[in-house]
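The model shown is predicted, which means the values in this text are computed figures rather than measured ones. Below, read A as the first sequence line, B as the second, and so on, with proteins coming before strands; counting in each chain starts at 1. As a basis for the values below, the full set of heavy atoms in this structure was taken, side chains included, without hydrogen atoms, waters or symmetry mates.
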Amino acid sequence: MSLKFINKLKNEQKRVVGLGFPSISTNFGDFPIDIAAEIGCEIHLIKAIKEFLKLHKEFDFKLILTEQDSKVLNVFELKWKEIKDDLEDFKFQTKKGNLLQLKSDLRIECRFIVVETTWRMKPGTNQLSKQIFDALGSKLHEELKRLYPKPGIVGEAYPVKVPKDSDLHKSEGIEQIIFVVSPNMNPSRPDPVSLEKAKELLKKTYDSILNAFWELTNGQEYRSITTIKDNVQEVSAFDILMKSASKPSSKISPESSRRTPSKVGSGGWNNVLLPYCQKPEMFPKSEVYYYDNEFVIIFDKYPKAKNHLLVIPRKQIDNIGELKKQNLELVRALKEKGQWVIEKMKQENPKLFFRMGFHAVPSLRQLHMHVISQDFISPSLKNKKHWNSFTTEFFIDVEEIERILEKQGEVKFNKAYYEDLLKSPLKCHLCDAKSIKFIPDLKKHLEEHWNES
DNA sequence: GTTCTAGAAC
DNA sequence: GTTCTAGAAC
């Protein structure tokens with residue numbers, strides 16, 4: 001009970017860095033939202049966010065797209081759902097409201113917000129920038145002039161600190177404003193650009209915003225390229241070229257394309273373990289616990305107990321069904337790595353005890369051995385299938401796999417039989433308590449066991 | 001693997 | 001009315 005409370009407190013204290021921003025360029029006739037959606041404007045934001053999220057998985061932040069018009073937000077939400085893959089939802093949210101009153105109206109604190117401006121760094125044609133310049137008065141004009149004496153460039157981001165004594169800082173918690181000069185297609189305003197050019201610049205604008213956000217939150221002074229180089233034309237072109245050239249995200253590596261097509265769906269969710277084998281060094285410590293040339297040990301993304309890790313051989317092996325007698329050595333090595341992890345975990349919490357083994361019918365591709373503590377106390381344990389997959393015969397201890405390989409030289413299971421086990425009535429794995437009907441009751445029961453231990 | 005949701009069970 | 005399950009979609 002008390003542990004739960006402490007954890008709750010910890011979560012509340014953790015301050016997630018927020019960035020609030022509007023839908024760039026879709027207001028006031030530049031890109032009316034209907035047209036914007038039609039030509040796929042929102043895709044540029046979503047793409048930029050996706051790349052950013054993949055790059056900075058360990059970074060605790062949230063991106064809040066805020067507009068007064070829910071129609072605008074819907075367009076972005078739909079596109080996000082369409083292409084977000086397995087990215088965490090809470091990191092990108094859309095909120096109807098006023099960007100300057102996120103905290104007072106919606107209790108969402110954003111230390112950074114994005115506001116559109118003109119190349120002269122003056123209030124643009126939209127309401128938000130007028131409000132900002134009104135709120136901060138001449139101080140803002142002076143600061144902008146001092147920091148950015150040259151004309152602003154479309155697609156670039158220009159951060160400015162919000163005075164600590166201003167209402168914006170005091171009551172809304174806004175510490176910096178990232179100004180951007182957004183692409184303009186409106187022929188009645190200066191320098192209108194073509195549709196193709198505008199789309200390209202839109203992506204650049206979103207990239208600049210996210211870059212500035214990243215660098216500001218990591219203590220580096222964000223420097224717009226205009227303050228570094230004089231030859232603006234050259235730098236911009238080079239910048240665009242670099243960005244389009246270094247976009248390997250959509251390409252499929254030869255390694256993964258060699259795989260036979262997935263039997264289950266096409267979304268690729270069952271392939272999520274592969275990148276850990278191919279490039280474990282790419283992942284933060286919060287995901288990859290350990291790796292060497294042969295094995296990777298990761299934290300299960302949805303742990304079903306206080307400690308739940310996966311020990312994975314890096315060599316391509318789909319599942320236990322592919323194992324042969326000559327793989328006995330590999331299985332023993334997996335067991336050894338598992339024992340090593342268990343020792344480590346026990347040092348942290350001596351109360352824990354573990355089992356290590358395999359699911360008879362795994363959902364994810366690539367052989368993986370579960371190392372899981374037997375408390376089964378975790379918010380991610382939600383249903384009967386979760387429970388039965390670790391507490392019935394469906395869970396096969398690594399020693400059992402060893403025995404089967406020694407005796408029979410291969411591991412062949414009756415899939416239907418094991419899948420039926422997942423539907424068994426709930427039963428406590430520790431005591432003979434009368435069978436428990438519902439998961440919430442089981443979870444309470446498990447808490448009791450934990451508190452008694 | 002999870003999330004979403006309709007409809008059954010309470 | 002609310003809780004819970006199970007199946008489809010992703």
Taking only distance into account, with no hydrogens and no angle test, what donor-acceptor pairs under 3.5 Å do side-chain atoms of residues 342-353 of chain A form with protein atoms, sequence neighbours excluded?
residue, atom, partner, partner atom, Å
N349(A), OD1, K351(A), N, 3.3
K351(A), NZ, W450(A), O, 3.0

Quiz: residues 390-404 of chain A side-chain donor-acceptor pairs under 3.5 angstrom, not counting sequence neighbours:
residue, atom, partner, partner atom, Å
T391(A), OG1, W387(A), O, 2.8
T391(A), OG1, W387(A), NE1, 3.3
T392(A), OG1, N388(A), O, 2.6
T392(A), OG1, F394(A), N, 3.1
E393(A), OE1, Y417(A), OH, 3.3
E393(A), OE2, Y417(A), OH, 2.9
D397(A), OD1, R355(A), NE, 3.1
D397(A), OD1, R355(A), NH2, 3.4
D397(A), OD2, R355(A), NH2, 3.0
E400(A), OE1, R403(A), NE, 3.4
E400(A), OE1, R403(A), NH2, 2.8
E402(A), OE1, K335(A), NZ, 2.9
E402(A), OE2, R332(A), NE, 3.1

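Annotation: ring-ring contact (aromatic ring centres under 6.0 Å, His included) contacts of F179(A) (sequence neighbours excluded): F133(A). In this view, P313(A) and F295(A), L330(A), L334(A), Q366(A), L367(A) satisfy the side-chain contact (heavy atoms from CB on, under 4.5 Å) rule, not counting sequence neighbours. Applying the salt bridge (charged side-chain N to carboxylate O under 4.0 Å, His left out) test to K384(A) and every residue at least two apart in sequence or in another chain returns nothing.
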Using a 4.0 Å cut-off on protein heavy atoms (strictly under), produce a 5'-to-3' string for nucleotides 2-10 of chain B with B for base contact, S for backbone-only sugar-phosphate contact, and - for none. SS------S

